[in-house]
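Worksheet for the structure shown next.
Throughout, protein chains are lettered first and strands after them, A, B, ... in sequence-line order, and every chain is numbered starting at 1.
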Amino acid sequence: MNSTIIEIAALKKWFGDTKAVDGITLQISKGEMFGLVGPDGAGKTTTIRTLCGLMTPTEGTARLFDLDVVTDKRKIQNRVGYLSQKFSLYGDLSIDENIEFFADVHGVPNYKKRRDLLLEFTRLTPFRDRAAEKLSGGMKQKLALACSLIHTPEILFLDEPTTGVDPVSRRDFWKILSDLLRQGITILMSTPYLDEAERCSTVALMHLGKIIALGKPKELKARSGINIVELTADSLREIREKIEQQTSYTVQLFGDRINIVIPRADADEASFAIKMKELDISYSSIRIISPSLENVFIYSVQQQSGAIK
Amino acid sequence: MNLRRLKALSKKEFKHILRDIRMLSILLIFPVFLLIVFGYAVRFDVENINLAVKDNDKSQLSSDFIKSFIHSKYFSFTKLIEKDADVKIVLDEKQAQCVLIIPAGFARDFYSNKNVNVQFLLDGVDGNTATVIYGYAQTATASFNNALTEKNLLRAGIKQLKPLDVRPTLWFNPDLKTTRFLIPGLIGMILIISGVVSVSLSLVREKEKGTIEQINVSPISSLELLVGKSLPYFLLALFDAALILVAGYYIFDVAVKGSMILLIFSTVIFIACAIALGIFISVLSNSQQVAFTVATFTSLLPSVILSGFIFPIESMPLPIQIISNITPVKFYIVTLRAIMLRGAGLSAFWQQWVYMLLFTSTLLTLAAIRFTKQMKNN
């Protein structure tokens, strides 16, 4: 364990003037569940595609198993699995045929046993003769996963695997992933969902092609040095304006509540309640909570873009 | 090239084809359909011309003259016109394509050795047909004249002596049948359309659906991908070619005069052209819709207009003749006509083979250049 399996050094990928990935450096250890988190356009997909050898870096290097993704592409191909964001299977082929095709392509000997195992594992066995286009979204995703696992890869790249998948299938999918981790596979996944990121062993928060925070979710929260005052009230927008104008705190607005980012030192509910009164803010509840990854992420992004006073 | 990967790709592609009823029927029914449409409908043979007659003389001679028209296999008599005013109506209403008007005093003038003018009105809307009919009318008149002269001379005791007599013998297509001339072109047109459209669509489909990503991360090389995916369409195109030949033989009596082996080789080379064009188009387009439009446009139009399939290239203006080289169908048709109709050997068309091979390699090189550029920009 703990040997580095993915090593990215000062990786840049530009498309003309667009700096999709703008110099990222990362090490990922064997057996990790690594999450790339960030909004659309952060550079997650570009990073993953570069690691898979689908794109050549503009600058910097990326190495898997200590092999360069560009020059040793051939040697890497059979050792990694990739589930692209828009992975579409061959809709007119059945589950069995789809897996068979990828087994042949990767030259898997006696694939049938492995296929049965994967179908069992993803609970797709009863549907094995069904055409892929007739499967539900969650089942399609599981089949796609099975296809990318047929050649027993050591690293699995998942690009937003649960986007557009219903919550039940999502939980199912995560269960399969944790089983995979137990088998010793290394997973690098990208996700726009911060609740999913919480389940990763290490996460990198990406924003505009850069990594703005990197570490275990717990560490990230601890390191951020912030706490959150959570208010619920009727006129959230007004409150936000007031706080932003009259204090130096950053405010994060959620649907039914408002989160005020405060330095951890200020974390005192009673004094905060007084402060609110001074500002003439009425609310229905107030409490101080430890920050979620989402709070940390939004805070980091705001800091990065200089929105903080 | 790894055989297992090639086999996997071809097998998958065959499954796609067999499960897509629309595609399959297009690939199999379309050729026969086109053959029948072109075989029966597109004819430049002008026969059964409707002839109306206005006989103002009503003599034995005028009636003989009319008979000389009707007895040729080209004219069929439709109407005897009574009133002058009806002549216009008959032509306007297309009751006849041409009207023969014999003037009053036809026989009298003839026997008094005067020049006789007979009016022949033609519907000139279709210029081509009109020219052919005019030719037939002249031939009919000439033979009528000849027969009369001969009779007159005999009566005078002189044996006729023809100073010059041209007797054409038609080779390769003795009955001047249009179908015999059309079928080689038809094979070319069908093969290029089905080849280009199916190959470009099947490659672009992988791009459009995103499945190409999985192929790109797999050990499949670009060459394996292209060969593996094209192979089924290659075999289908060969099958199509055979289908048209068999149908052409049984329905239109068009047999292959020359070497079957040369025919197969030429066809293989030509299908390679079509597939290369399909690959080239697939590199340029990102959606099936674009690919389909570009594929039909680049394969259908030139193969009908510029290939010499219907319109002879020799009678086109020089710039167009030069442009006609963009379609490999032109060269395939020359080859096919040589093999099928004349039974010619390789010496008659090896240049066409060279051209087709050149076309294939040029397009594949362009596609490869473009493809690597796209990958680099990725």
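- Only the side chain of Glu206(B) has a heavy atom closer than 4.5 Å to any heavy atom of chain A.
- The CG atom of Asp92(A) lies 9.5 Å from the NZ atom of Lys15(B); values are rounded to the nearest 0.5 Å.
- Atom CG of Asn216(B) and atom NZ of Lys73(A) lie 6.5 Å apart (nearest 0.5 Å).
- Looking at Arg19(B) and Leu93(A), their side chains come closer than 4.5 Å, going by heavy atoms from C-beta outward.
- Of residues 151-160 of chain A, not one residue has a non-hydrogen atom less than 4.5 Å from any non-hydrogen atom of chain B.
- Between Pro219(B) and His106(A), the closest side-chain pair of non-hydrogen atoms falls below 4.5 Å.
- Between the CZ atom in Phe101(A) and the CD1 atom in Ile215(B) there is a gap of 4.5 Å [rounded to 0.5 Å].
- The two atoms that bring Tyr82(A) and Gln214(B) nearest to each other are O-NE2, 2.8 Å, heavy atoms only.
- Crowding of Phe265(B) atom CZ: a count of heavy atoms from other residues, nucleotides or ligands under 6.0 Å not exceeding 12.
- Residues Gly107(A) and Arg4(B) come closest through the heavy atom pair C-NH1, 3.4 Å.
- The salt bridge (Lys or Arg N to Asp or Glu O under 4.0 Å) pairs that include a residue from residues 234-249 of chain B number zero, where partners must be two or more places apart or lie in different chains.
- For Phe292(B), the CZ atom counts as loosely surrounded, since its 6.0 Å shell holds 12 or fewer non-hydrogen atoms of other residues, nucleotides or ligands.
- Counting heavy atoms of neighbouring residues, nucleotides and ligands inside a 6.0 Å radius, atom CD of Gln289(B) does not exceed 12 of them.
- The candidate with the highest count of non-hydrogen atom pairs below 4.5 Å against chain A, out of Arg205(B), Arg5(B), Lys12(B), is Lys12(B).
- Counting heavy atoms of neighbouring residues, nucleotides and ligands inside a 6.0 Å radius, atom CD of Glu120(A) does not exceed 12 of them.
- Looking at Leu6(B), there are no atoms closer than 4.5 Å to chain A (heavy atoms on both sides), in backbone or side chain.
- Neither the backbone nor the side chain of Lys7(B) comes within less than 4.5 Å of any heavy atom of chain A.
- With Glu213(B) contributing its side chain and Leu83(A) its backbone, the two residues share no donor-acceptor pair below 3.5 Å.
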